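Read the structure below first, then the notes.
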Amino acid sequence: MLGSRIMAQSVKGMRDLFGAELRWFQHIEDTARKCFERHGYREIRTPILEELEVFKRSVGDSSDIVKKEMYDFVDKGGRHVVMRPENTAGVVRAMVEHKLLQTSDPQLLYYIGPQFRYERMQAGRYRQFWQIGAESFGVASPESDAESLVMLYDFLRELGLEKLSFSLNSVGTPESRPAFQAAFRAFFAEREAQFCGDCHRRIEENPLRVLDCKVPTCQKALAGHPLISEFLDEASEKHHARLKELLRDLGVPFTEDPRLVRGLDYYTKTAFEVLSGDIGAQSAILGGGRYDLLVKHLGGPDVPAFGWAIGLDRLAMVCQTLRGEAPHRPPALLIPLGDRATGEAMKLARSLWAAGASVQLETRGVALKKAMTTANRTGIQTVLILGDGELDGGTVTVKHMATGEQEAWPLADLATHLKTL
RNA sequence: GCGGCUGUAGCUCAGUUGGUUAGAGUACUGGAUUGUGAUUCCAGGUGUCGUGGGUUCGAGUCCCAUCAGCCGCCCCA
């Protein structure tokens with residue numbers, strides 16, 4: 001690299017995770033695993049690269065994701081592959097490929113991993129972003145929707161997000177939707193001139209999204225528009241009514257949003273999302289719903305499914321805003337003083353590690369003052385000082401950084417003491 | 001993809017109508033205090049002024065391009 005500099009900069013939209021933010025990621029992931037496993041969900045990990053066709057057939061050709069946001073390329077074997085823009089399609093593909101749905105047993109799965117979309121950068125929107133999601137296959141009942149939503153709700157509460165509320169809607173089925181779409185198109189045609197250019201595009205590609213338009217004149221023109229709920233088939237309607245009843249009984253707060261639609265084409269019946277005001281315009285932190293036809297559509301058996309995905313980057317942002325530092329327990333710092341103690345400290349630390357205690361060992365051989373400064377900066381709460389005096393007495397001097405208090409602990413009790421901190 | 005804003009020390013920022021040696025706070029390093037941090041005092045280096053080109057006797061400052069980030073839209077997690 002003579003005469004030139006290495007560009008020390010990550011690729012646009014890609015970022016490094018470390019420090020306080022990564023601690024939130026870790027805490028959220030740990031909490032998710034614990035919550036989901038408790039419900040009987042098991043982890044699945046699918047590849048980042050999938051065949052293009054997987055997303056074309058699941059997410060939908062007309063979606064922005066497939067039309068312009070995918071990292072796709074032709075590999076050396078001539079395969080047109082995509083870095084997954086979401087994880088549901090890959091999970092379904094895996095379930096079908098491994099014939100895991102040739103059973104009447106429900107299959108409950110969750111995933112945690114990076115996803116990729118080529119989008120314009122903005123706060124909370126990255127080109128590599130992380131999602132946590134859960135999918136349940138094989139159960140068509142509203143009880144299944146409710147179980148999944150309760151798990152999600154309890155997970156978010158465990159993270160301390162108690163004020164969030166779900167927006168809920170039913171988008172019906174392919175049988176019920178044409179009637180609604182026809183009515184909606186007719187409604188649109190009557191006042192066509194009042195709608196913006198984007199809406200004219202939407203009415204062709206994905207009519208439901210016209211309901212989402214934020215242009216004030218469009219919202220005005222939408223007054224008295226046909227509601228999806230007026231066109232629902234009986235099964236969808238009963239399903240939706242029962243789900244709402246269950247959620248009320250279970251104390252899961254939700255508001256009905258008859259205009260709620262989702263960007264992915266595969267949803268049927270239940271659709272929901274949660275927004276947060278804490279992250280600017282990038283306000284959707286999670287979304288999901290029922291997708292009873294996707295499995296069959298991807299070549300599998302006719303198996304109903306329900307699932308959702310959370311944006312981990314945005315969730316971490318919300319947690320940081322609401323709660324500041326992620327909960328974490330830094331280890332104690334063991335500082336040896338003098339040659340004799342330096343040798344003994346290593347053995348002592350080893351026995352503490354073996355006993356399951358958390359101890360960081362000061363190995364620089366620096367002055368106590370210097371080591372204390374480091375401890376203070378690192379947020380270490382407990383410092384263990386081991387010098388000649390302590391060695392002779394079979395103790396270690398323990399300093400509690402918050403109070404400045406010191407005491408002598410017998411070496412024999414050290415591990416148990418540390419674990420109760 | 002569309003519209004707008006910003007880029008100066010590790011961090012937060014100042015820097016006059018272009019003017020010669022680029023500043024403050026904080027953080028950092030050492031000392032006051034050789035076994036005690038966060039407080040106090042003293043001393044010390046903070047830097048391709050995002051990058052490249054242009055205008056000019058002279059550019060952190062003006063112009064163009066480019067890169068990165070931010071805000072709104074679009075979309076979504």
Side-chain angles (χ1 to χ4, degrees), chain A residues 4-5 7-15 19 28 59 62-70 84-88 111-133 196-199 201-202 205-206 209 212-216 218 261-264 273-276 279-288 307-318 333 335-338 341 362 366-391 396-406:
Chain A
S4 73
R5 266 164 206 277
M7 210 45 166
Q9 189 170 62
S10 65
V11 172
K12 188 182 175 79
M14 309 287 147
R15 64 194 189 125
I28 292 168
V59 176
S62 68
S63 68
D64 277 23
I65 293 176
V66 168
K67 277 198 309 185
K68 53 187 186 189
E69 294 176 359
M70 291 197 305
R84 62 185 186 201
E86 58 98 52
N87 219 146
T88 296
Y111 59 83
I112 299 176
Q115 320 291 336
F116 302 83
R117 291 181 202 174
Y118 194 89
E119 287 190 282
R120 179 79 176 260
M121 286 290 300
Q122 215 164 116
R125 181 157 79 186
Y126 306 100
R127 289 178 174 179
Q128 174 176 336
F129 60 100
W130 294 71
Q131 284 189 334
I132 297 178
C196 70
D198 278 331
C199 283
R201 177 180 55 77
R202 292 190 186 104
E205 293 175 351
N206 194 353
R209 294 215 74 81
D212 260 357
C213 187
K214 292 183 182 73
V215 175
C218 291
V261 290
R262 310 232 63 243
L264 282 49
E273 62 187 26
V274 172
L275 308 174
S276 168
I279 46 178
Q282 310 310 315
S283 58
I285 63 168
L286 70 91
W308 42 258
I310 303 177
L312 185 44
D313 306 74
R314 292 179 187 178
L315 183 57
M317 213 180 280
V318 171
L333 181 67
I335 307 172
L337 298 170
E362 174 57 76
V366 292
L368 179 56
K369 179 193 177 83
K370 177 77 182 161
M372 293 295 296
T373 305
T374 298
N376 190 53
R377 267 205 295 262
T378 320
I380 280 169
Q381 299 293 308
T382 310
V383 166
L384 310 174
I385 301 167
L386 187 70
D388 288 339
E390 284 83 1
L391 281 175
V396 70
T397 298
V398 178
K399 173 153 185 164
H400 304 283
M401 295 298 277
T403 59
E405 283 165 17
Q406 293 193 180

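In what follows, chains carry the letters A, B, and so on, assigned in the order in which the sequence lines appear, proteins first and then strands, with residues in each chain numbered from 1. Every value quoted in this text rests on a predicted model; they were computed, and no experiment measured them.
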Residues 371-380 of chain A, side-chain donor-acceptor partners within the protein, below 3.5 Å, at least two apart:
| unit_1 | atom_1 | unit_2 | atom_2 | d |
| --- | --- | --- | --- | --- |
| A:Thr373 | OG1 | A:Lys369 | O | 2.9 |
| A:Thr374 | OG1 | A:Arg364 | NH2 | 2.8 |
| A:Thr374 | OG1 | A:Lys370 | O | 3.3 |
| A:Thr378 | OG1 | A:Thr374 | O | 2.5 |

How is A:Gly288 classified with respect to the nucleic acid when contacts are heavy atoms under 4.0 Å: base, sugar-phosphate, or nothing? nothing
Those residues at least two apart in sequence (or on a different chain) that pass salt bridge (charged side-chain N to carboxylate O under 4.0 Å, His left out) with A:Glu273 are A:Arg262
Once you round it to whole Å, what is the distance between C1' of B:G50 and NZ of A:Lys12? 14 Å
Who are the side-chain contact (heavy atoms from CB on, under 4.5 Å) partners of A:Leu391, not counting sequence neighbours? A:Arg340, A:Ala341, A:Glu344, A:Leu386, A:Asp388
Output the rounded distance in Å from CD (A:Glu69) to C1' (B:C74). 9 Å
Between A:Ile285 and A:Val318, is any pair of side-chain heavy atoms under 4.5 Å apart? yes
Please report, rounded to the nearest Å, how far the P atom of B:A77 is from the CD atom of A:Gln115. 10 Å
For atom P, what is the distance between B:G58 and B:G19, given to the nearest Å? 15 Å
C1' spacing across the pair B:G7 / B:C13, given as an integer number of angstrom: 12 Å
Could you work out, with salt bridge (charged side-chain N to carboxylate O under 4.0 Å, His left out) as the rule, every residue matching A:Lys68, not counting sequence neighbours? A:Asp64
The criterion is side chain to side chain donor-acceptor pair (under 3.5 Å); which residues satisfy it with A:Gln115, sequence neighbours excluded? A:Arg84, A:Asn87
Looking at residues at least two apart in the chain, or sitting in another chain, which of them share a side chain to side chain donor-acceptor pair (under 3.5 Å) with A:Trp308? A:Ser148
With side-chain contact (heavy atoms from CB on, under 4.5 Å) as the test, pick out the partner of A:Ile385 among A:Val398, A:Leu333, A:Val396, A:Leu337. A:Leu337
How far does the P atom of B:A9 sit from the matching atom of B:U48, given to the nearest Å? 8 Å
Given the ring of A:Tyr126, does A:Arg15 sit roughly above its face, with NZ or CZ under 6.0 Å from the centre of the six-membered ring and within 45° of the axis? yes
Enumerate the protein-to-nucleotides 1-4 of chain B contacts in which both atoms are nitrogen or oxygen and the separation is below 3.5 Å.
| unit_1 | atom_1 | unit_2 | atom_2 | d |
| --- | --- | --- | --- | --- |
| B:C2 | N4 | A:Arg120 | NH1 | 2.9 |
| B:G3 | O6 | A:Arg120 | NH2 | 3.4 |

Structure string for RNA chain B in dot-bracket form, Watson-Crick and G-U at under 3.5 Å, | interchain: (((((((..((((.....[...))))((((((.......))))).)...(((((..]....))))))))))))....
Check whether any side-chain heavy atom of A:Ile335 sits under 4.5 Å from a side-chain heavy atom of A:Val383, and report yes or no. yes
Does the aromatic ring of A:Trp130 sit over the six-membered base ring of B:A77, closer than 5.5 Å centre to centre and tilted less than 30°? no
Nearest-Å distance for atom pair CZ/P, residues A:Arg314 and B:C75: 13 Å
What is the distance, to the nearest angstrom, from the CE atom on A:Met121 to the C1' atom on B:A77? 14 Å
Counting primed atoms, P, OP1 and OP2 as sugar-phosphate and everything else as base, the B/S/- map of nucleotides 29-39 of chain B against protein heavy atoms under 4.0 Å is SS--B-BBBS-
Can you tell if the side chain of A:Arg117 reaches within under 4.5 Å of the side chain of A:Met70, non-hydrogen atoms only? no
A:Asp64 CG to B:A77 P, straight-line distance once rounded to whole Å: 12 Å
Spacing of A:Arg15 atom CZ relative to B:A68 atom C1', expressed in whole Å: 16 Å
Separation between the P atoms of B:A24 and B:A14, rounded to whole Å: 15 Å
Among residues at least two apart in sequence or on other chains, which ones pass side-chain contact (heavy atoms from CB on, under 4.5 Å) with A:Arg120? A:Arg125
Categorize A:Glu273 for me: base, sugar-phosphate, or nothing, with a 4.0 angstrom heavy-atom threshold over every strand shown. nothing
